[in-house]
Structures are given as C-alpha cells and as structure tokens.
Undergrad: 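Mind looking over this structure? Questions follow.
Residue numbers begin at 1 in each chain, while the letters A, B, ... track the order of the sequences. Being a predicted model, the structure only gives us computed values, none of them experimental.
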There are 2 protein chains.
Amino acid sequence: MLKRYDLLNAVEAQGVRLTAQRRALIETIQEAKSHLDAASLLELARKRDPKIDRATVYRTLELLKRLGMIDELDLMHLNGEKHYYEVKTQKDHLHLACFNCGEIEEFTSPTFERLKREIADKNEFDIKVMRLEVGGLCKRCAARKPVLQ
Amino acid sequence: MLKRYDLLNAVEAQGVRLTAQRRALIETIQEAKSHLDAASLLELARKRDPKIDRATVYRTLELLKRLGMIDELDLMHLNGEKHYYEVKTQKDHLHLACFNCGEIEEFTSPTFERLKREIADKNEFDIKVMRLEVGGLCKRCAARKPVLQ
DNA sequence: ATCTAGTTGCGACTCATTCGCAATAGACAT
DNA sequence: ATGTCTATTGCGAATGAGTCGCAACTAGAT
C-alpha cells in the first residue's frame with residue numbers, strides 16, 4: 001500500500017476551518033478502501049455525521065483538490081461521467097481500468113517517474129497534476145475474452 | 001505534426017454506412033486545427049451539412065471511438081466537464097494543459113513508449129487506450145506567475 | 001425501382017455538478 | 001463562558017453534457 005498523507009492534520013495545518021462535515025468527509029476519504037465518487041462519499045460520510053449535504057461534498061472535494069491533497073480520477077469513465085477521488089500518495093501512480101470486469105489496478109514504475117522528469121525538463125512545464133489512465137483488458141479478462149470487437 | 005489516419009477511408013473500409021452527416025462530421029474532425037468538443041464539432045460540421053443533430057454527433061463519436069479511430073480527451077477539465085476528440089495518431093502522445101492560459105501542448109517520447117510496453121508486460125494488461133494528461137503551468141505562465149496558491 | 005435494416009431528428013430525460021441565498025456555527029477576542 | 005464576525009452550510013432550483021425512445025428517413029444491396 002502506497003503511503004498517503006494524513007489529510008485531517010494537513011488541512012488543519014493550512015489554517016482551514018474544520019467543521020463537523022469536513023471532518024466526516026476527510027476521515028471517510030482517508031479510510032476508504034477503494035476509489036470513491038461524490039455520491040458514495042456522501043453516503044459513507046453520513047454514517048459519521050448524518051447532516052451533510054451533496055453540495056458540501058463537492059465544495060470539500062474542491063477545497064482538497066485546491067490544497068493538492070487529493071487527486072481526481074476519471075477511471076476511464078467505466079460507469080458514467082462521475083469522478084473518483086483518492087488521497088495523494090507520495091509517489092505518482094497510474095490506473096489500469098479493465099473494460100470488461102471494471103477492476104482497477106494501480107501501477108508505479110521508475111519509468112513513470114522518469115517520464116515525469118522528462119516532461120518537466122524538456123518542456124519547462126511546472127507539473128501540478130499528472131493523470132495517467134489506461135483502459136483495456138486485465139489479465140483474466142484477456143484470457144477469457146480474446147477478441148474485443 | 002504527427003501522422004494521422006485517414007478517417008473517411010478507414011470508416012468506409014469497415015463497411016460502415018456512410019451518411020451525409022457522418023461524412024460532414026468525419027471531415028470536420030479530420031481537418032480540425034485544434035481539439036474539438038461535441039458542441040464545436042456540431043457547429044463546424046453544420047457548415048458542411050446544416051441538417052445535423054446533437055444526438056448524431058454523439059452517436060458518431062461513439063462509433064469512431066469503438067472503431068479505435070479517435071481518442072477521447074479530458075484535457076484536465078479546464079473548461080467544464082466536456083470531452084475533446086482527436087484523430088488517433090500513429091504514436092501515442094500526451095497532453096500538457098496549462099491551468100493559467102489554457103494552452104495544450106503535445107508531447108511524445110521514447111520513455112512514454114517504453115512505459116506502455118512495461119505496463120503491458122508486467123501486468124499482462126491488454127492496452128486499448130492510454131490517456132496521459134498533465135496539468136500545471138506552461139513555460140511562459142510559470143515565469144510570469146511564479147506562485148500558484 | 002424496390003426493399004429494408006441501419007441511421008437520423010426530435011424532444012424529453014438523466015445524471016453529475018453548481019449556484020444563490022438565508023441560516024448556521026467555528027474560532028478568535030473579550 | 002459569551003459575543004462577534006465571517007466562512008461554511010443546507011436547501012432547492014438551475015445548468016450542462018450526454019442519452020434515449022420512437023417515428024420518419026435513406027444508403028446501399030437486390
């Protein structure tokens with residue numbers, strides 16, 4: 001498991017007002033076992049604090065994104081246009097999404113790190129976010145379903 | 001300029017019915033100078049054939065995606081949640097999106113190709129689509145605006 | 001020229017996300 | 001502890017991209 005930042009402390013350290021809703025949302029994201037979309041995040045966070053509104057979820061996600069504490073993923077839009085969120089890890093990583101079974105695999109590699117440095121150097125580009133998503137067939141599905149139309 | 005496939009011929013070769021609307025849409029995508037979203041594509045294609053509907057645009061994009069002839073991009077959602085489309089090029093490439101000025105730079109590199117092979121090999125993943133997007137500040141904006149909050 | 005299955009236009013719909021505004025509540029000063 | 005002030009919240013309505021069902025149309029085969 002890749003090391004993740006401690007959101008709650010990090011947010012507090014930024015001098016951001018900590019409301020009950022934000023606390024519930026941040027703890028939920030932090031402890032999530034899988035990538036959450038806004039609706040699932042809302043549902044889970046309501047177990048901690050039942051009085052949270054949809055709008056607050058979006059506003060909090062916006063805040064965390066702005067602070068660079070979470071990443072927003074599309075995961076190849078396997079299930080509609082919603083976004084998914086994850087706590088930023090120390091190392092960038094990419095996501096492999098299986099079009100057949102929907103499984104998401106994560107992947108890190110020195111080559112990825114190297115590519116990142118290359119982009120920054122050759123283009124003199126100041127990288128804030130890097131989102132690499134791959135769609136295709138995972139090992140099992142490729143074996144089972146050799147041809148995709 | 002990266003070499004692009006000739007869409008119209010390629011589509012015909014697939015035995016797909018060529019309607020006036022598809023022709024107009026495909027020619028428009030092929031000749032586009034920049035990345036088009038569905039709405040701009042519709043607007044431009046109507047100059048060739050004024051009788052095209054929004055739904056047909058989406059259905060045609062879906063078709064071309066399925067045939068593997070175009071790629072769908074998010075371009076870091078710089079301007080809302082819409083998607084952008086481009087004709088597939090011979091080589092995969094990535095997009096650098098400037099959060100400040102909105103400019104999109106393209107980038108190819110042997111390291112990117114290598115990373116792709118690595119993913120396919122190490123994970124035994126059958127890659128269909130690869131979408132690598134980078135957000136940050138381009139050379140000029142980084143110089144002009146050294147600190148982003 | 002005819003036939004027919006694939007394609008289209010239309011309008012209504014869905015779904016994710018955003019907004020305006022009045023009510024509320026952190027957190028700092030007292 | 002209490003009051004104050006401003007950021008944050010909930011609510012409900014709005015937006016915007018994309019999708020759907022269905023009747024009308026048409027490309028291309030015969």
Undergrad: Closest heavy-atom contact between Arg17(A) and Arg22(A)?
TA: O-NH1, 2.8 Å
Undergrad: Is there a chain of hydrophobic side chains (I, L, V, M, F, W, Y, each step under 4.5 Å between heavy atoms) that links Met130(A) to Ile70(A)?
TA: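 Met130(A) and Ile70(A): separate clusters.
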Undergrad: Under 4.0 Å between a Lys/Arg side-chain N and an Asp/Glu carboxylate O for Glu62(A) and Arg59(A)?
TA: no
Undergrad: Does dG18(D) have OP1 or OP2 under 4.0 Å away from a side-chain N or O of Tyr58(B)?
TA: yes
Undergrad: Would you mind reading off the distance between Asn79(A) atom CG and dT19(D) atom P, rounded to a whole angstrom?
TA: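 Interatomic distance, CG of Asn79(A) to P of dT19(D): 13 Å.
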Undergrad: Between atom CG in Asp74(A) and atom P in dA17(D), what is the gap in whole Å?
TA: 16 Å
Undergrad: Can Asp71(A) and Arg131(A) be counted as an ion pair, charged N to O under 4.0 angstrom?
TA: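 Between Arg131(A) and Asp71(A) there is no salt bridge, as every charged N stays at least 4.0 Å from the carboxylate O atoms.
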Undergrad: Taking CD from Glu72(B) and C1' from dA17(D), how many angstroms apart are they, rounded to a whole number?
TA: 12 Å
Undergrad: Choose from dG9(C), dA16(C), dG10(D) the nucleotide whose nearest atom is closest to any side-chain atom of Lys82(A).
TA: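 Among the listed nucleotides, the one closest to the side chain of Lys82(A) is dA16(C).
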Undergrad: Whole-Å distance between dT8(D) C1' and Arg66(A) CZ?
TA: 13 Å
Undergrad: Quick one, give me the B/S/- string for nucleotides 21-29 of chain C, reading 5' to 3', where B means a protein heavy atom under 4.0 Å from the base and S means that only happens at the primed atoms, P, OP1 or OP2.
TA: ----BBS--
Undergrad: Considering only distance and modelled atom types, tabulate donor-acceptor pairs under 3.5 Å from the side chains of residues 37-51 of chain A, sequence neighbours left out.
TA:
residue, atom, partner, partner atom, Å
Asp37(A), OD1, Ala39(A), N, 3.0
Asp37(A), OD1, Ser40(A), N, 2.8
Asp37(A), OD1, Ser40(A), OG, 2.7
Asp37(A), OD2, Ser40(A), OG, 3.3
Arg46(A), NE, Ile52(A), O, 3.0
Arg46(A), NH2, Ile52(A), O, 2.7
Arg48(A), NE, Thr28(A), OG1, 3.4
Arg48(A), NH1, Glu27(A), OE1, 3.1
Arg48(A), NH2, Glu31(A), OE1, 2.7
Asp49(A), OD1, Lys51(A), N, 3.0

Undergrad: Please report, rounded to the nearest Å, how far the P atom of dA16(C) is from the CG atom of Leu61(A).
TA: 14 Å
Undergrad: Indicate the ring-plane relationship of His35(A) and His95(A), choosing parallel, tilted or perpendicular according to the 30° and 60° boundaries.
TA: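 Ring orientation, 0 to 90° scale: perpendicular.
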Undergrad: Linking I/L/V/M/F/W/Y whenever any side-chain heavy atoms sit under 4.5 Å apart, do Leu25(B) and Leu67(B) land together?
TA: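 Linked within one cluster.
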Undergrad: Output the single nucleotide from dC10(C), dG18(D), dT17(C) whose closest atom is nearest the side chain of Lys51(B).
TA: dC10(C)
Undergrad: Rounding to an integer number of Å, can you tell me how far His77(A) NE2 sits from dA17(D) P?
TA: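 Those two atoms, NE2 and P, are 14 Å apart.
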Undergrad: Tell me whether the OP1 or OP2 atom of dA16(C) has a side-chain N or O from His83(A) closer than 4.0 Å.
TA: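 No, His83(A) has no side-chain N/O under 4.0 Å of OP1/OP2 on dA16(C).
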Undergrad: Output yes when at least one side-chain N/O atom of Arg22(B) is less than 4.0 Å from OP1 or OP2 of dT7(C), else no.
TA: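 It does, given that an N or O in the side chain of Arg22(B) lies less than 4.0 Å from OP1 or OP2 of dT7(C).
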Undergrad: What is the distance, to the nearest angstrom, from the CD atom on Glu62(A) to the C1' atom on dT8(D)?
TA: 15 Å
Undergrad: Output the single nucleotide from dT8(D), dG18(D), dT17(C) whose closest atom is nearest the side chain of Ala38(A).
TA: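 Per side-chain heavy atoms of Ala38(A), the pick is dT17(C).
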Undergrad: Roughly, in whole Å, what's the span from CG in Asp53(A) to P in dC11(D)?
TA: 6 Å
